[in-house]
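No experiment lies behind these values; they were computed from the predicted model shown.
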Amino acid sequence: MKKFVWLAILGMFVVLAPPAQALFVNGGFQEGTFNGWTIEHGYNYNGLTISGGVPVAENVMTDYYTYGWIPGAWSAADTGYLPLDTNYTPPSDRAFITSGTGNDELASLLPVVRYGLYSARVNSQDYYYHVTRIYQEDTLKAGDQDPDGNYYIRFSWAAVLEDPGHPPDAQPYFHITLTNLTQETVIFSKFYYSNQPGLNWQTNDVAYGWKWVPWQDEDLNLSELGVNVGDNLRIELSAGDCGYGGHGGYAFLDGFRSQASPAEGDSGGSLGALGAGCGRVIDVGGNDSSGPGPWSGAALVTFFFALFLLPVGILKKIHGGKRFLSRPALLSVLLALALCLAVAFPASAGQLVPKAQRFHPTSDGSGTLTLDSDKPLGQGNWAFVYTLNYVKKPYNLGDVTNLRVEQLRVHDLFTMDAAAAYGLTPDFQVGIDVPLNLLYDGKDRLAQDGANHNIGDIRVNGKWSFLSRPTYGLAFVPFVIFPSGNDEYVLSESKSSLGGKLAGHLAVGEKLTLLANLGAQLMDNFTSNTYSNWIQGGVGAAYSLTKKSSLVAEVNAETIANKPFDHTVVSPVEALAAFRHEWTPGWTAQLGGGIGLNKGMGAPQYRVLFGVAYLYGAPKAAPAPPPPPPPPPPAPEPPPPPPPPPAPVAAPAPPAPTASISANPPSIDPGQCSTLNWSSTDATSTSIDQGIGSVDPSGSMKACLDVTKQYTITASGPGGTQTATTTVTVNPPPPPPPPPAVKPVKEIITLNVQFDTDKADIKAMYNDDIARVADYLKKYPETTVTIEGNTDSVGGKNYNQKLSERRADSVKKYLVEKLGADASKISTVGYGLTKPVADNKTAEGRQKNRRVDAVFR
């Protein structure tokens with residue numbers, strides 16, 4: 001039986017291990033941005049360079065005479081940016097993120113998204129010589145290796161090009177390449193003009209003159225293509241209008257590292273065929289608009305099977321030699337139950353409210369961090385727990401199948417949990433956890449920025465231990481969650497809920513203890529299945545380093561019950577670990593953190609926590625007084641006095657004893673040793689205090705100390721008593737280092753950078769003022785800054801909005817290129833003429849309004 005338990009636990013930890021990292025960042029575009037990508041554009045005045053009927057070069061120009069690319073994307077305000085027809089509104093730019101489950105406007109049979117929620121679309125349906133490209137570079141790392149030992153890059157592309165019938169060198173085109181920059185070789189290349197032979201061009205369900213290529217999945221084995229770890233790779237996609245300027249074309253890019261999921265029409269996971277015998281079929285890791293789930297079918301079975309085996313192992317311990325609990329028949333039943341639960345878990349399917357705060361520490365400080373132990377406090381005992389918890393990015397953009405989650409982001413969350421528990425009986429206790437949100441940096445459910453300080457969702461729980469043995473145990477932990485948090489800032493589900501879970505432990509040796517929790521959370525109106533319920537579980541371990549120090553670790557997971565582990569967003573998985581130390585009886589401190597193993601709601605990029613727990617034991621009853629002693633027996637008659645002794649003969653007085661003691665060295669550091677040396681003469685007994693006792697007349701010994709001590713030697717003999725002392729001084733520890741400087745929560749620097757009318761150029765006289773921003777970023781490395789551009793009222797609203805953005809971008813460019821600032825910590829925004837600081841009716845006032853501000857966070 002132990003073999004089955006260990007194999008199941010090992011399999012679960014393998015399942016929960018994070019997958020290999022994608023080679024290119026933001027490859028799936030699942031954040032809805034071009035983070036990590038570079039966007040450029042230009043003109044296609046001269047068309048393509050053709051050799052043997054095949055395009056070999058793009059003739060991209062910055063104007064009619066200069067070849068090259070221009071940073072940034074075409075915008076809707078560019079001259080000549082014309083719509084294809086009156087029913088079509090051009091996008092905000094020519095390189096943009098698409099979303100949703102719909103199809104392309106022209107190729108109505110082509111889905112705009114291949115995997116997940118978003119894809120990238122390069123160029124547009126519009127014409128007028130436009131050409132656009134996106135690219136990024138990354139280095140192949142050892143962590144990119146797949147389980148088969150090879151390295152892969154996987155992506156998908158599609159193209160929609162107008163076919164005007166021009167000569168090949170003037171046709172609209174697209175060009176996608178993967179280049180090994182280190183070896184200066186092209187690994188992959190697709191370079192086609194519209195209707196070029198060799199591609200499966202589609203003409204069905206498109207506007208007149210347009211043709212398209214359906215999604216193509218590329219799965220490149222880099223190990224077979226000669227790419228080595230450390231090589232720098234570049235992926236690039238470009239698309240352009242025709243060389244005569246009257247016809248358009250564009251291409252899509254999506255699906256990095258996504259092709260492990262089933263293709264369209266597949267039944268989903270490997271367990272789909274079992275649905276008929278288990279009830280409602282759930283496609284484990286299926287292919288829908290939500291993308292592939294984080295769990296394969298085999299992984300989900302391993303998870304449930306491991307949690308079922310824990311109580312089986314405990315029951316087997318209870319029944320001792322009754323081995324029927326580990327017979328193949330019972331294990332087969334449990335495996336079938338796990339399979340059914342994995343593919344057809346019956347649950348509610350209702351509304352879902354996004355929530356970024358799912359961290360609840362244990363109310364009694366036992367167990368690991370969020371996993372409860374089955375051990376109760378004991379009758380009359382109190383536990384008080386205080387936990388500071390900083391979380392980075394606990395909520396990301398997402399979509400739930402059939403349940404839309406607002407596109408939000410929580411950047412920073414800092415909470416303090418005040419928890420307490422009390423033992424009502426030897427086997428039952430109650431507890432409470434009150435989270436206090438100290439800092440919130442993100443957006444509310446309406447995508448509005450804001451900060452919030454309030455109490456989070458209060459959690460009240462009990463614990464009933466119905467099985468307790470020295471090496472194993474099992475308890476039921478019911479709980480109720482009250483919607484006391486702010487649901488507008490995704491800190492609460494805004495609904496009351498209740499639930500319960502089983503908590504068990506299994507001691508493996510004297511120092512290692514394994515723990516497991518499994519349960520469910522039922523939302524308000526759960527009887528009518530109005531809101532989606534949650535399955536909760538996790539495994540953990542505690543390892544004793546010393547009698548007072550230990551390490552704890554856990555992996556916890558949650559998932560909505562209607563589709564367990566089917567979608568990353570609603571299946572947060574997190575790994576946590578901490579170091580605990582009891583510095584004085586009853587008081588324990590812990591320091592640790594964790595990482596989210598996926599991007600589910602509440603699974604952070606990382607978490608740092610510090611906690612203090614105090615256990616107060618109930619006073620014990622005073623022992624009964626001992627019985628009174630029996631009365632003493634009557635005293636016997638005293639004997640007659642002896643005759644007086646003869647007078648003693650005078651003898652010479654004996655010599656007085658001598659004693660000496662010394663320490664070498666006399667001063668030591670804590671935990672080090674000093675040598676005691678002593679000697680005595682004319683003594684019949686010699687002893688040293690501090691618990692040493694009787695010693696030889698002369699000798700030596702080591703004294704290893706943490707505190708200063710004084711030693712006294714006493715030599716006694718017929719001639720009297722003599723003493724001597726020595727002291728071993730223990731040096732005090734060095735003072736602790738000063739605490740690090742704490743950056744302000746928020747600071748605004750108003751830059752004295754002013755611009756001429758209709759200008760975004762930075763004058764040299766303002767260079768020192770901009771340098772203040774770079775100095776502040778270097779002083780506080782964790783700080784980010786927003787550059788805000790403003791204009792006067794001259795010109796229209798749209799014109800000034802674009803002008804303010806250009807001014808903010810100019811300042812950012814100067815910070816990055818001239819002052820070496822980190823571009824990832826600098827964002828820009830333009831407010832146009834909406835935030836004046838002076839009267840726009842005067843020239844002096846308008847000059848003051850043509851400015852840039854820097855806001856730090």
Side-chain angles (χ1 to χ4, degrees), residues 16 294 352-363 367-372 387-396 398 400 405 408-417 419 433-437 440 442 445 452 454-461 477 479-487 489-501 517-524 531-538 540 554-561 564-565 567-576 592-609 611:
L16 291 175
L352 181 72
V353 181
K355 184 178 180 182
Q357 183 181 357
R358 297 193 176 277
F359 177 85
H360 279 282
T362 60
S363 59
T368 52
L369 296 168
T370 65
L371 298 185
D372 284 283
T387 305
L388 294 175
N389 172 43
Y390 172 76
V391 187
K392 189 70 173 179
K393 292 185 179 180
Y395 185 78
N396 292 271
V400 186
V405 175
L408 313 174
R409 180 184 297 280
V410 177
H411 298 282
D412 300 277
L413 185 61
F414 185 50
T415 63
M416 180 185 74
D417 286 77
D433 171 33
V434 181
L436 177 63
N437 297 301
Y440 175 91
R445 294 173 59 192
N452 175 260
N454 70 309
I455 295 176
D457 283 352
I458 297 176
R459 180 188 184 105
V460 177
N461 68 277
V477 182
F479 60 86
V480 178
I481 298 179
F482 300 94
S484 50
N486 190 323
D487 63 315
Y489 285 93
V490 292
L491 298 177
S492 172
E493 289 175 320
S494 73
K495 295 293 178 184
S496 300
S497 62
L498 59 86
K501 57 184 176 180
N517 286 185
L518 178 62
Q521 176 187 352
L522 309 178
M523 301 301 296
D524 186 24
Y531 292 91
S532 292
N533 302 325
W534 291 84
I535 303 172
Q536 301 172 338
E554 68 178 60
V555 176
N556 60 63
E558 294 185 75
T559 183
I560 56 171
F565 300 105
H567 197 289
T568 299
V569 174
V570 289
S571 302
V573 183
E574 184 177 3
L576 296 162
I595 58 172
L597 301 183
N598 63 9
K599 291 187 177 182
M601 291 189 296
Q605 184 179 19
Y606 64 85
R607 182 191 307 275
V608 179
L609 56 89

Q: State whether the side chain of N598 and the backbone N or O of S571 hold a donor-acceptor pair below 3.5 Å, judged by distance alone.
A: yes
Q: Could I get the full list of side chain to side chain contact (heavy atoms under 4.5 Å, CB included) partners for V480, not counting sequence neighbours?
A: F482, L498
Q: Which pair of non-hydrogen atoms, one from G602 and one from P604, has the smallest distance, and what is that distance?
A: O-CD, 3.3 Å
Q: Any side-chain heavy-atom pair from L413 and L491 closer than 4.5 angstrom?
A: yes
Q: Would you check, one step at a time, whether the test side chain to side chain contact (heavy atoms under 4.5 Å, CB included) holds for Q357 with N437?
A: CA-CA 10 Å; Q357 183 181 357; N437 297 301; 3.0 Å; yes
Q: Listed by chain and number, what are the side chain to side chain contact (heavy atoms under 4.5 Å, CB included) partners of S363, not counting sequence neighbours?
A: A419, A421, N461
Q: Output all residues satisfying side chain to side chain donor-acceptor pair (under 3.5 Å) with E558, sequence neighbours left out; order by chain, then residue number.
A: Q536
Q: Using the side chain to side chain donor-acceptor pair (under 3.5 Å) rule, take T362 and D372 through it: C-alpha gap first, then chi angles, then the decisive distance, then the call.
A: CA-CA 6 Å; T362 60; D372 284 283; 5.2 Å; no
Q: Just so I know, are the side chains of F414 and V391 near enough to count as touching, which here means a heavy-atom distance under 4.5 Å?
A: no
Q: Could you measure the distance from the CD1 atom of I458 to the CD1 atom of I481? Nearest 0.5 Å is fine.
A: 11.5 Å
Q: Would M416 and L388 count as a side chain to side chain contact (heavy atoms under 4.5 Å, CB included) if you check the C-alpha gap in whole Å, the side-chain angles of each, and the deciding distance to 0.1 Å?
A: CA-CA 5 Å; M416 180 185 74; L388 294 175; 3.7 Å; yes
Q: To the nearest 0.5 Å, how far apart are OG1 in T370 and CG in L576?
A: 6.0 Å
Q: Testing the basics here: between S492 and P483, what is the closest heavy-atom pair and its distance to 0.1 Å?
A: OG-CA, 3.9 Å
Q: Mind listing the closest non-hydrogen atom pair of P394 and A356 along with its distance?
A: CB-O, 3.6 Å
Q: If the condition is side chain to side chain contact (heavy atoms under 4.5 Å, CB included), which residues does T387 pass it with, not counting sequence neighbours?
A: F359, P361, V385, D417, L609
Q: Taking all atoms of both residues into account, what is the closest heavy-atom pair of S497 and Q521, and its distance?
A: OG-NE2, 2.9 Å
Q: By salt bridge (charged side-chain N to carboxylate O under 4.0 Å, His left out), which residues pair with D433, not counting sequence neighbours?
A: none
Q: At their closest point, which heavy atom of H360 faces which heavy atom of P435, and how far apart are they?
A: CE1-CG, 4.2 Å
Q: Just to verify, what does R607 make a side chain to side chain donor-acceptor pair (under 3.5 Å) with, not counting sequence neighbours?
A: N389, E574
Q: To the nearest 0.5 Å, tell me how far N556 CG sits from L597 CG.
A: 9.0 Å
Q: Could you tell me which non-hydrogen atom of V555 sits nearest to which non-hydrogen atom of V573, and how far apart they are?
A: CG1-CG1, 4.1 Å
